[in-house]
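Shown next, in structure tokens, is the structure this report addresses.
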Amino acid sequence: MADRVLLLTGFGPFPGVDDNPTAALARALDGLQLPGLRVVSAILPVAHPASGQEVARLCALHQPAALLHLGVAQQADLVRIEQLACNELSFRVPDTAGAQPQAMPIDPSLPLDAELSVPWPVGGLWAALSLAGLPAALSDDAGRYVCNATFWQSLRGGQRALFVHVPQVGAVAPDGTPWTLERLVHVATVAVQWMAAAR
Ligand code: PCA
């Protein structure tokens, strides 16, 4: 049987972030082969609903067994494993299509504060990252921007999606270690390996 696909996504630039490290992570892991699973990467536009629509197109094409979304969190000093997606769009800066909704639902048929839970036992990923010396925390707030909206749409679409926010290259972890692109590649690799084992 052909290997199943793990669809890994990063994002392109957006206002305030000219060089999104998650685009480099997507490129670095594209084609990675794991037991029974192959990574297929894509870079999503930072615009709603275009990013979710692109994910839906890629899912129809590749029928992935799992999705790993990576996004950058500008103020973060450690890796954030997102446990919840929320039905709210409240953009601090416009997306790349120029939209800046405030207190708008992603899915108008549900309340603004509706939440969806990650379908992975993410405590295990936190442990795997910690064991690898990569500072991480479980988060219950994925923001109200395009990352959260993309995560929401993937979960609403029935995908086994996981969302991990990474710090900017150059941010300093609480233990004093700087985040380099190499360390972020390590984060993404540990996440993919953990997903292949946990699925
Ligand atoms: N971070 C933004 C969108 C794209 C990205 O990498 C966010 O946290 O919503």
Side-chain angles (χ1 to χ4, degrees), residues 7-30 39 41-58 67-107 112-116 118 122 125 134-157 159 161-171 179-181 183-189 191-192:
L7 180 62
L8 184 153
T9 69
F11 283 97
F14 59 99
V17 174
D18 295 335
D19 190 9
N20 193 327
T22 65
L25 298 183
R27 281 191 290 269
L29 272 79
D30 193 24
V39 175
S41 291
I43 298 169
L44 304 175
V46 184
H48 175 78
S51 68
Q53 289 168 346
E54 178 63 0
V55 172
R57 188 188 71 79
L58 292 163
L67 259 69
L68 173 60
H69 295 308
L70 300 173
V72 69
Q74 283 162 275
Q75 309 304 333
D77 59 359
L78 38 65
V79 174
R80 292 198 339 221
I81 305 162
E82 302 299 346
Q83 303 185 97
L84 294 174
C86 174
N87 190 30
E88 181 178 342
L89 304 165
S90 283
F91 291 3
R92 193 177 47 79
V93 292
D95 69 12
T96 57
Q100 195 168 5
Q102 299 299 326
M104 295 283 291
I106 301 166
D107 187 335
L112 196 62
D113 61 356
E115 290 177 332
L116 295 172
V118 66
V122 287
L125 175 56
L134 299 162
L138 298 178
S139 162
D140 56 12
D141 183 359
R144 299 291 180 268
Y145 193 49
V146 178
C147 285
N148 171 70
T150 306
F151 191 27
W152 171 278
Q153 287 176 291
S154 291
L155 294 177
R156 275 289 275 169
Q159 296 296 334
L162 177 61
F163 201 108
V164 175
H165 266 116
V166 299
Q168 295 259 46
V169 169
W179 289 102
T180 59
L181 187 58
R183 283 187 92 212
L184 295 181
V185 170
H186 193 188
V187 168
T189 306
V192 160

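Order of appearance sets the numbers: ligands from 1, and atoms from 1 within every ligand. All values below come from the heavy atoms of this structure, side chains included, with hydrogens, waters and symmetry mates left out.
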For residues 12-23, which residue pairs qualify under side chain to side chain donor-acceptor pair (under 3.5 Å), counting only residues two or more places apart or in two chains?
->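 Qualifying pairs: N20-T22.
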Contacts of type ring-ring contact (aromatic ring centres under 6.0 Å, His included), residue H165, not counting sequence neighbours |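 For H165 the ring-ring contact (aromatic ring centres under 6.0 Å, His included) partners, ignoring immediate neighbours, are F163.
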Quick one: ligand 1 N/O to protein N/O pairs below 3.5 Å?
{"residue": "ligand 1", "atom": "1 (N)", "partner": "V72", "partner atom": "O", "Å": "2.9"}
{"residue": "ligand 1", "atom": "6 (O)", "partner": "N20", "partner atom": "ND2", "Å": "2.9"}
{"residue": "ligand 1", "atom": "6 (O)", "partner": "V72", "partner atom": "N", "Å": "2.9"}
{"residue": "ligand 1", "atom": "8 (O)", "partner": "H165", "partner atom": "NE2", "Å": "2.8"}
{"residue": "ligand 1", "atom": "9 (O)", "partner": "C147", "partner atom": "N", "Å": "3.0"}

Donor-acceptor under 3.5 Å (Q100 side chain, R92 main chain) = yes
Judged by atom type as modelled, is there a donor-acceptor pair below 3.5 Å linking the side chain of W152 to the main-chain atoms of L116?
-> no
Does a donor on one side chain sit under 3.5 Å from an acceptor on the other, for H69 and T150?
->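 Distance-only check fails for H69 and T150.
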Only counting residues at least two apart or in another chain, list the ones meeting side-chain contact (heavy atoms from CB on, under 4.5 Å) with A26.
->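 Expected list: L8, S41, I43.
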